[in-house]
**Q** 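Please read through the structure below; I'll follow up with questions.
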Amino acid sequence: MLPDDPQTEQRKQKLAQLREQGQDPFEIHAYRRSHTTAELASAIEAVEQEHEQGDGDGAIDWDTAGFETAVAGRLMALRDQGKSVWADLHDASGKIQLWVTRDSVGEEAFESFKRLDLGDIIGASGNAFRTRRGEPTVHVSEYQLLAKALRPLPEKFHGLQDVELRYRRRYLDLIVNPEVREIFVARTRTIRAIRDCFDARGFQEVSTPMMQSLYGGANARPFVTHHNALDMDMYLRIAPELYLKRLVVGGMERVYEIGSVFRNEGIDALHNPEFTMLEAYQAYADYTDMMELFEALLCATAEAVNGSLTFTYRGHEISLQPPWQRISLMESIHHATGVDFEQLHTDEEARQACQQLDLGSMEKDGWAALLDKCFDRYVAPDLIQPTFVTDYPVQISPLAKRFPDRPHLTARFEPFIGGEEIGNAFSELNDPMDQRERFEAQVRAGREGDAEAHPMDEDYLRALEYGLPPTGGMGMGVDRLVMLLTGSTNLREVILFPHMRPEADTVD
RNA sequence: GUGCCGUUAGCUCAGGCGGUAGAGCAUCUGACUUUUAAUCAGAGGGUCGCAGGUUCGAUUCCUGCACGGCACACCA
C-alpha cells in the first residue's frame, strides 16, 4: 500500500465519518443530470436572448426566469465566504460555478458542504442564473457527494508540471491540465476523419492479428511472447502489412486498419515501443494514387483538428494545399551533398564517397545505411512543406514493386512534413518470384547481423502465388500525425499512457 | 546502451562553501452572503529519491543504485 500523507489521512477520516452517518458516497450508483456544464452555460445564454428579444426591459429576474438544473462533476475550487460558498464544478464538457448559501440548502447541508474537499465528485441541483460578474452559476438547493477524493489534487494554478508524474498519472494530468484533454480530443478527431475518408472511398476497415507466429511488413525488431497452451513463442506485430495484402488476394479490394504495432527499439521524443499505425491497400491502384490519398487524408485531418489547411509546426508555417512537391530520394541527396548513390555500387565505394561528409562513425555502415544517414542529415530537415520523396532503391524496399525501365528503383515514396517522415507507400510487389528473391536477400542480411531484416514468409509467398492484383498501399504513423496537427514536440504528448519504467513503489 | 543534468512539503519552486530547511498554492482554526488564482488573521506539515562511504556531525562532499529529462546510438 502506498503511504498516506496527512491530507490523505484527513480525507479518509472524513469518509469514515460520512459512513458512520450512513452517508457513504460510494454506495451511490448513478446521478441523473439535466445538463452538462457546457449545455447549461448555453441554456443560460438562451434564456437571456429570449429575454432580450421579448419584451424584456432591463435586467433579468433570475428568481423567475431561471430554471431548475442538475449538474455533476469534480469540485475544483472552493471560495468560502462564511454564509455562502462559491465553487467550481468541472465535467467533461467544461465547468460551471456553484453558489451554495445557508438559506438555499439549509443549515446542516451548508455545514457539510464546507467539509467537502477539492477533488470530490458531486452532483448538484438548483436554479440556474448568471452572476453580476457574468458567471453562469447554479444556486444550489440540493447536492450529493458522489465519490470522495481521498488524495489532494496538484496545485490549481501551475497544474501538474513534473513530466514523469504527468505521464505516469495521466488521470491527474487530465484533471488539472485542460490543454492535455484538448490534445486527445484532437487525436480522436484525427482518427475519425481518417475513418470517414476511407469509408467514403469504399474501403473496409479490418482487424488482423497482433500476435503472430511470424512477423514482417517492416524493418524492426519484434517483441517476443509465449503462448502457454500451444507452448510456442509468438511475436507482437511490427506491421499489419502482410495480412492486409492477403486480404486483397482474397478479394477485399480496399482495406484499411488502424491499430497498435510494437517495435522493440529505443524510446525518445519520436518513438514509443507501441504506437498506432494506419495501413491501407487499394487493388488496381499504384503509388501515385497513394499520393492523392495522403493529400486527402492530411487535408481531412487538418480540417477536422484545426479547421484549416495551414498550420504552424515548430515555428514553420505549413500549407497542406495539394498537389505536394515531389523529389527523388537519390537526386535530393546528390543535390544536397554531391554524393550520387546511383553511381556507387559497393559498400566500400559508398564509404569513400561519404568521407568528406560529417556522418560520424561509418565502419559498420553499408551502402543503404549511408544513404539513409545522408538523407536524414542533409535532406529531410529541410523538407518543411509537404514533399513526396520518391524512387527508393530496391535494396531497402523489400515489398515494393520495381520500375520496369529502372529495375534498381521501386515505385515507392515517403511523405515528409515539417522535416519529419509521416508515412510510407508504394506499388505493392505482387510478383511472387521477385518477392521470394527479396525475402532471400533479407534472410541473408539477417544472417549477416541485420537484426531488423525480414524473415522468410512462405505463406505470404503462397498467397501471392494465387494472384495479388496490382495494388497501391500506404502506411502512416497516427501518433506522429497527431503531433504534427497539434504542434506537439514529443510523441508522449499524444499517447495517453506512454511507456515508462515501472515505478518502484507500486509493484511488489 | 553511452554521456551530461536532475530528484527538497500533496503540488509549483527557492535554499544550503557540512551544524537536520523556506515561500506560494493546498491543509487546519477563525472572520466574511456576488466570489472566481477571492480576501484578511493565525497554525500545522519534510527519512531534502534510495543505499553505502568520509566526518564529531551528511539533506549538503564522494561512490553505487533507482527513476526522470536532454543529447548521441539504435530506430520510423
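Note that the coordinates shown come from a computational prediction; the quantities given were computed from them, not determined experimentally.
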**Q** Which nucleotide wins on minimum distance to the side chain of Lys156(A), given the candidates G68(B), A26(B), C75(B)?
**A**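 When the side chain of Lys156(A) is considered, A26(B) is the closest of G68(B), A26(B), C75(B).
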
**Q** Using a cut-off of strictly less than 4.0 Å, decide whether Lys373(A) has a side-chain nitrogen or oxygen near OP1 or OP2 of A73(B).
**A**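 Result: no.
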
**Q** Can you tell me how far C1' of G69(B) sits from CD1 of Ile267(A), to the nearest Å?
**A** 13 Å

**Q** Using whole Å, what does the distance between atom P of nucleotide U36(B) and atom CZ of Arg130(A) come to?
**A**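 In whole Å, U36(B) P lies 17 Å from Arg130(A) CZ.
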
**Q** Tell me which nucleotide among C67(B), C28(B), C32(B) gets nearest to the side chain of Arg168(A).
**A**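 Closest nucleotide to the Arg168(A) side chain: C67(B).
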
**Q** If only side-chain N and O atoms of Arg79(A) are considered, is one of them under 4.0 Å from the OP1 or OP2 phosphate oxygen of U39(B)?
**A**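 It does not, given that no N or O in the side chain of Arg79(A) lies less than 4.0 Å from OP1 or OP2 of U39(B).
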
**Q** Is any side-chain N or O of Arg492(A) closer than 4.0 Å to OP1 or OP2 of G69(B)?
**A**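 Looking at the OP1 and OP2 atoms of G69(B), one of them is under 4.0 Å from a side-chain N or O of Arg492(A).
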
**Q** On the nucleotide C70(B), are OP1 or OP2 found under 4.0 Å from the side-chain N or O atoms that Asn490(A) carries?
**A**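 Checking C70(B) against Asn490(A), a side-chain N or O does come within under 4.0 Å of OP1 or OP2.
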
**Q** Applying the side-chain contact (heavy atoms from CB on, under 4.5 Å) test to Pro498(A), which of Glu274(A), Arg170(A), Glu493(A) qualifies?
**A** Arg170(A)

**Q** When you compare the protein's N or O atoms with those of nucleotides 9-15 of chain B, which come within less than 3.5 Å of each other, and at what distance?
**A**
| residue | atom | partner | partner atom | Å |
| --- | --- | --- | --- | --- |
| C11(B) | O2' | Glu155(A) | N | 3.1 |
| C11(B) | O2' | Gly159(A) | O | 3.2 |
| U12(B) | OP1 | Gln161(A) | N | 3.1 |
| U12(B) | OP1 | Asp162(A) | N | 2.9 |

**Q** Tyr392(A) ring centre to Arg412(A) NZ or CZ under 6.0 Å, with the angle to the axis within 45°?
**A** yes

**Q** Does Arg132(A) put a side-chain nitrogen or oxygen below 4.0 Å from OP1 or OP2 of U34(B)?
**A**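 The answer is no; no side-chain N or O of Arg132(A) sits under 4.0 Å from OP1 or OP2.
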
**Q** Give the dot-bracket line for RNA chain B from 5' end to 3' end: parentheses for intra-strand Watson-Crick or G-U pairs under 3.5 Å, square brackets for crossings, | for inter-strand pairing, dots for unpaired.
**A** (((((((..((((.....[..)))).(((((.......))))).....(((((..]....))))))))))))....

